[in-house]
Trainee: 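Quick one: the structure is below, questions incoming.
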Amino acid sequence: MAFILPMPSKLSHIGVLTSGGDSPGMNAAVRAVVRTCAYHNVGCFGVYQGYQGLIDNNLEPMNARSVKDIINKGGTILKSARCLEFRTPEGRKIAHDNLKKNNIDGLVVIGGDGSFTGAMIFQKEFSFPVIGIPGTIDNDIQGTRFTLGYDTALNTVIDAIDKIRDTASSHNRLFFVEVMGRDAGHIALNAGIGAGAEEILIPEEDMGLERLLESLKRSEKSGKSSSIVVVAEGDKTGKNVFEIASYIENNLPYYEVRVSVLGHMQRGGSPSCFDRVLASRMGVFAVESLLDGNSNKMVGIIDENITLTPLEDAIKGKSKINNNLIRVSDILSI
Ligand code: F6P
């Protein structure tokens with residue numbers, strides 16, 4: 001492989017933290033950040049428990065060997081937190097003082113939109129260089145086609161639904177499976193298609209309970225003895241999965257109905273190869289972007305290219321679902 005010279009840098013140390021809900025691939029990204037710093041002869045600090053670690057001065061120097069054997073691990077070795085204190089000017093001032101005290105002059109924040117909002121305010125207040133890496137299983141960040149952990153979570157979900165289908169078809173049952181996605185239906189829609197679900201309920205589209213009822217009636221008439229309905233936790237009907245299930249059970253007495261909430265198992269597990277490679281690319285690019293003088297931006301992947309998007313745009317709204325997938329699901333669940 002070609003040897004690329006380390007970049008000359010004005011930065012002395014870079015801090016890296018993971019914040020908000022953890023996602024598979026965060027460790028691979030931490031590894032990439034730490035090792036890219038080592039490659040370019042820049043010091044690196046791992047900050048524990050997200051922004052809370054900046055406030056508590058809970059951080060330590062890391063070198064290339066500190067991140068051995070973590071590329072395959074789920075969760076985050078740096079721990080994560082949703083830190084209320086960092087939302088106050090006083091908390092952010094303490095965080096800044098601690099960064100200065102440790103001679104850290106650049107920060108990589110791995111997290112979701114809440115973490116990026118904090119990063120944006122912080123960098124504006126103190127002109128402190130910050131680059132974000134999108135880490136959330138929800139895949140709901142603008143400015144990137146994929147977020148870290150999404151691919152792994154999809155594979156976890158289809159694996160779980162495949163197992164549920166075994167028991168559903170053995171008992172001729174109708175299963176409602178709730179998946180994560182408070183505001184976004186990416187997991188529900190893609191895993192639903194991947195696992196061959198009969199219906200998929202998402203936050204972006206109001207299917208309406210009547211339509212669901214009619215569709216399940218049609219399924220039964222067409223000879224299906226069991227069915228799977230995937231429900232995103234924030235689906236548009238405004239009802240939770242248990243309420244939806246009992247509405248259907250009351251109106252379709254011939255189906256025996258069960259509910260399965262997959263919950264936090266969707267956030268765990270060893271990252272897929274896709275997430276490991278994505279994390280590695282994003283980690284390298286985040287550090288090199290900081291060394292290049294960039295700030296207040298998020299690393300993303302668009303059309304196979306690694307890109308930078310202003311944090312302001314990344315948090316402006318949720319990434320859109322692909323409407324064509326709804327049609328594909330409708331056609332194939334006939
Ligand atoms: O943002 C990721 C996410 O997994 C959402 O899909 C889910 O609603 C939420 O986190 C759960 O958060 P917590 O771990 O705080 O319960």
Side-chain angles (χ1 to χ4, degrees), residues 17-27 29 48-52 74-87 109-119 132-161 176-192 194 200-205 230-244 259-272 275 278-279 282 298 300 311 314-321:
L17 60 84
T18 50
S19 164
D22 62 301
S23 66
M26 280 186 165
N27 281 327
Y48 290 97
Q49 287 190 312
Y51 293 121
Q52 193 62 49
T76 159
I77 60 155
L78 292 179
K79 316 270 182 191
S80 191
R82 304 192 203 266
C83 175
L84 293 179
E85 219 180 327
F86 196 73
R87 295 190 187 174
V109 172
I110 307 170
D113 51 358
S115 314
F116 293 160
T117 305
I133 294 180
T136 163
I137 63 163
D138 292 347
N139 201 37
D140 58 352
I141 311 270
Q142 294 200 123
T144 188
R145 175 71 185 86
F146 298 106
T147 57
L148 293 186
Y150 171 60
D151 181 68
T152 306
L154 285 181
N155 285 303
T156 302
V157 172
I158 59 164
D159 193 40
I161 300 179
F176 286 82
V177 182
E178 188 195 86
V179 301
M180 278 189 168
R182 226 180 341 218
D183 309 301
H186 295 286
I187 294 179
L189 195 51
N190 284 273
I200 303 168
L201 304 186
I202 54 176
E204 292 86 348
E205 254 234 345
V230 174
V231 184
E233 56 182 339
D235 92 279
K236 223 358 178 314
T237 60
K239 302 208 179 315
N240 70 39
V241 68
F242 293 97
E243 292 166 335
I244 298 171
V259 174
S260 184
V261 177
L262 299 189
H264 286 77
M265 58 135 23
Q266 294 163 89
R267 287 230 299 252
S270 180
S272 64
D275 276 328
L278 183 66
M282 286 181 165
M298 181 198 78
L311 285 179
I315 62 172
K316 217 176 248 163
K318 300 282 170 195
S319 62
K320 303 260 176 301
I321 53 153

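Read the numbers this way: they start at 1 and go in the same order the structure lists the ligands and their atoms. The structure presented is a predicted model; accordingly, all values stated were derived computationally and were not measured.
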Trainee: Which heavy atom of the protein is the closest neighbour of atom 16 (O) of ligand 1, given with residue, atom name and distance?
Mentor: H264 NE2, 3.1 Å
Trainee: Starting from atom 6 (O) of ligand 1, locate the nearest protein heavy atom and write down its residue, its atom name and how far away it is, to 0.1 Å.
Mentor: D138 OD1, 2.8 Å
Trainee: How close do V230 and G192 get, counting heavy atoms only, and between which atoms?
Mentor: CG2-CA, 4.0 Å
Trainee: State, without any angle test, whether N155 and S272 hold a side-chain donor-acceptor pair at a distance under 3.5 Å.
Mentor: no
Trainee: Which residue holds the protein heavy atom closest to atom 4 (O) of ligand 1, what is that atom called, and what is the gap in Å?
Mentor: M180 SD, 3.0 Å
Trainee: If you measure from each non-hydrogen atom of E233 to ligand 1, which part falls under 4.0 Å: side chain, backbone, both or neither?
Mentor: side chain
Trainee: What's the shortest distance from atom 3 (C) of ligand 1 to any protein heavy atom, and which residue and atom give it?
Mentor: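 Ranking protein heavy atoms by distance from atom 3 (C) of ligand 1, first comes R267 NH1, 3.6 Å.
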Trainee: For N139 and I187: C-alpha separation, side-chain torsions, deciding distance, then whether side chain to side chain contact (heavy atoms under 4.5 Å, CB included) applies.
Mentor: CA-CA 8 Å; N139 201 37; I187 294 179; over 6 Å; no
Trainee: Give yes if a backbone or side-chain nitrogen or oxygen of G181 is under 3.5 Å from a nitrogen or oxygen of ligand 1, and no if not.
Mentor: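 Yes; the residue has a nitrogen or oxygen that sits under 3.5 Å from a nitrogen or oxygen of the ligand.
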Trainee: Return the set of residues passing side chain to side chain donor-acceptor pair (under 3.5 Å) with T144 (not counting sequence neighbours), or none when no residue passes.
Mentor: none
Trainee: Using side chain to side chain donor-acceptor pair (under 3.5 Å) as the criterion, list what pairs up with D113, not counting sequence neighbours.
Mentor: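 D113: side chain to side chain donor-acceptor pair (under 3.5 Å) contacts with K318.
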Trainee: To check you understand the geometry: which heavy-atom pair defines the closest contact between G25 and P271, and what is its length?
Mentor: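 Of all heavy-atom pairs spanning G25 and P271, the closest is N-CB, 3.7 Å.
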Trainee: Please verify whether a non-hydrogen atom of R82 lies at under 4.0 Å from ligand 1.
Mentor: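 True for this residue.
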